[in-house]
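Treat the numbers as computed from the prediction; the structure is a model and nothing was measured.
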Number of protein chains: 2
Amino acid sequence: MNMKENSKKPSIDDIARSLGVSKTLVSMVINNKTEKYGISEKTRKKVEDKIAEMGFMPNKAARRLRTGKSFLIGVIVPDISNPFYSKIVRIIEDKAQLDGYNPMICSSDEDSEKEISLIKMLVDSQQVDGLILSSTLEKADELDFLRKRNFPCVLIDRSLPEANLPTVSVDNEQGAFAATETLIKSGCKHIALFAISPGYISTIEERKKGYLKAIQQYKLSSDKKMIVEIPYNDIKNAVYENLDGLLKKKTGKLDGLFAGNNNIALACMEYFIEHKIKVPEQLKFVSFDDIDVFRFSSPTISAVEQPVEEIGSWSFKVLKELLENGNNLQNPAKISLPTRFIKRKSS
Amino acid sequence: MNMKENSKKPSIDDIARSLGVSKTLVSMVINNKTEKYGISEKTRKKVEDKIAEMGFMPNKAARRLRTGKSFLIGVIVPDISNPFYSKIVRIIEDKAQLDGYNPMICSSDEDSEKEISLIKMLVDSQQVDGLILSSTLEKADELDFLRKRNFPCVLIDRSLPEANLPTVSVDNEQGAFAATETLIKSGCKHIALFAISPGYISTIEERKKGYLKAIQQYKLSSDKKMIVEIPYNDIKNAVYENLDGLLKKKTGKLDGLFAGNNNIALACMEYFIEHKIKVPEQLKFVSFDDIDVFRFSSPTISAVEQPVEEIGSWSFKVLKELLENGNNLQNPAKISLPTRFIKRKSS
DNA sequence: GTGAAAGCGCTAACAG
DNA sequence: CTGTTAGCGCTTTCAC
């Protein structure tokens, strides 16, 4: 009763047979190697026409098995539904396509174990040719198995200490410094930083550093309790609890808040609305990452903008270099892009 | 000078040889077929240990070539960096992973040709087992080559007329009706709908229908010019020009605006700010798609919320059904999910 | 200029 | 319960 599957996909063999030539010839045509092997224009044309006629597309699995090259690249980010990452990924997709690569995109959920298993699956199972990684890992040696194999891998957004891997990142310290400085200059004395945990992530560390540098440079009293870690999985509750605590304090009451990323900022903003906290009058507020919300909210939110386009295009550019010319383990590219602080009404 | 690649990946052969057994046995263990073939617990354990010890992972290219099954699914959306789609995709990723599938995610940029070539690449080249498609195509027959092969494919978000393919979508008409009705009930007489082009996309058509239904039901004068098409590639300019025109009119001046999707809404909101248009006093405003911005903007924006979670999980569920039990071309699943109108301050 | 043949790593039919 | 074997579709070496 089922509809019959009439038209199986043609293989290279079908093309060859229907033309009375060998598979070799067809293969050479597919791979633009006719020149190299001195195939005549006429023959090439003949084969090409047949390929078009039969709608032949080479089977990548077979090619992959034979050549060991997949023209796939693995892309792992913490969460593809976070606009910061989805924008980067989109750029990578476009750039990769231009060079015939297809990305396999995965979300690690800030989970080191999941990340490792995704990497293994991409590298060992799917045989991606290279990896672009916004890593959640704590230590570089968890990636040693890649390094040992000299596997093309570029770190983006987050660097890894002593990783010795090419990295495309952003000057988080400078960005955080600028953000904190703004708060200080507008009169804040008690500034908290809400940063996503785990705290060892390089971007978080650098943001903390920038924050502390500003605090110290302007001789504000620094208090360890003003740097709070917000767990990735429970942002809203953590933000609410901490804000409750910090705003209740009699002495040293919070008057400036720096949200370490866009999700934390959103939770803070919800809190402000629910608890009728007036920003910037009662509390000045800035955030890392610039998202659409910040331009339209009331008040508009000052934020550290990251150059997503550039992160995306550089990351593929660097990976491509690795893919084509091999790793230079002694001296991996380290690209650090500037951020831009956008001052709006919240600070 | 280069670091030697010491540790090649082990193959099924290596495992078998180092254990003195056959590849078959190892293969059976990998694929959990030991029960089926009555392999002893002991042997299985022995093989499994070796696999763990050598860090073996089956080569998917080989498996794919042999079995014709890739455990890959293709996912094509107009733009992965649009939060509406990135959220759906994220759900699909999670659900697929639970069943051992990996998504290959692509953006079509609302370009039919690009979409077709992506489909071909996914299906013929990458050999994905199934497809989840938020299609930009005009007519279903462009997908006939898939239907002929009985290829598992589910349409999401947008349906295709006479496609006879399983579809997971949303009741756009009802959503648009509710949105328009709100505008009418709050006193608007001259309501425009800004919809993304191409206008033949089912969601757009349905939204137009819902809009018109409300207009007619409440006996407002309907004017063709009040439905404007905004090209995907030039949203901002188109929105600005049309708003300029419609707001300048002496008679029948615009007093209500319905943005057909989130990107259009953002452009409108920028316009409002730049031109100091007071919403809702001067112009009432609603949008399709609910994004974070709408909850925080001033004023907050009323919007038709789509059940992204459900779209994502249903789409994989339906595809899985196809994958496991085959197509039912006579009677494909058509799942229509309700939308929810969220009234905020803008209307 | 072109073709024959081997083999990438895996699965499954069949044999024992 | 376990092994032998053929072959998926392609690229590449070598031969003519």
Subject >> Rounded distance in Å - CD1 (A:Ile15) to P (D:dT11) >> reply: 13 Å

Subject >> Check: B:Leu165 main-chain N/O paired with B:Thr167 side-chain donor or acceptor under 3.5 Å >> reply: yes

Subject >> Heavy-atom closest pair, residues A:Leu118 and B:Gln97 >> reply: CD2-NE2, 3.7 Å

**OP:** Mind calculating the distance between CZ (B:Arg17) and P (D:dG3) to the nearest angstrom?
**Re:** 14 Å

Original post:
Can you check whether B:Lys114's main-chain N or O pairs, donor with acceptor, with B:Asp111's side chain at less than 3.5 Å?
Top reply: yes

**OP:** Would you kindly compare B:Leu65 and B:Ser40 by the position of their nearest DNA chain D nucleotide and give the one closer to the 5′ end?
**Re:** B:Ser40

Subject >> Closest to the B:Ile12 side chain, choosing from D:dT2, C:dG9, C:dG3 >> reply: C:dG9

Original post:
Cut-off 3.5 Å, side chains only: do B:Glu142 and B:Ser112 have a donor facing an acceptor?
Top reply: no

Original post:
D:dC8, D:dT2, C:dT2: which one has an atom nearest the side-chain heavy atoms of A:Leu25?
Top reply: C:dT2

**OP:** Assess the side chains of B:Arg63 and B:Ser70: does a donor N or O sit below 3.5 Å from an acceptor N or O?
**Re:** no

Subject >> Closest heavy-atom pair and its distance - A:Met57, B:Lys120 >> reply: SD-O, 3.5 Å

Original post:
What are the residues of residues 48-59 of chain A, sorted by number, that bring a heavy atom to within less than 4.0 Å of DNA chain C?
Top reply: none

Subject >> Value in whole Å for how far the C1' atom of C:dT2 lies from NZ of A:Lys42 >> reply: 14 Å

Subject >> Any B:Ser11 side-chain nitrogen or oxygen under 4.0 Å from OP1 or OP2 of C:dG9 >> reply: no

Original post:
With distance as the sole test, does A:Ser202 use its side chain to make a donor-acceptor pair with the main-chain N or O of A:Ser159 at under 3.5 Å?
Top reply: yes

Original post:
For B:Ser81, does its backbone N or O pair with a side-chain atom of B:Asp79 as donor and acceptor, under 3.5 Å?
Top reply: yes

Original post:
Between atom NZ in B:Lys36 and atom C1' in C:dT11, what is the gap in whole Å?
Top reply: 11 Å

**OP:** Starting at atom CZ of A:Phe71, determine the distance to atom P of D:dC10, rounded to an integer number of angstrom.
**Re:** 15 Å

Original post:
Between A:Lys60 (NZ) and D:dC10 (C1'), how many Å, whole number?
Top reply: 13 Å

What are the atom names and distances for every N/O pair under 3.5 Å that joins the protein to nucleotides 12-16 of chain D?
from   : atom 1 : to      : atom 2 : distance (Å)
D:dT12 : OP2    : A:Lys33 : NZ     : 2.9
D:dT12 : O4     : A:Thr24 : OG1    : 3.3

Original post:
Between atom CZ in A:Arg64 and atom P in D:dT11, what is the gap in whole Å?
Top reply: 12 Å

**OP:** Please report, rounded to the nearest Å, how far the C1' atom of C:dC8 is from the NZ atom of A:Lys69.
**Re:** 17 Å

**OP:** Please report the closest heavy-atom contact between A:Leu160 and A:Lys139, naming both atoms and the distance.
**Re:** CG-C, 4.5 Å

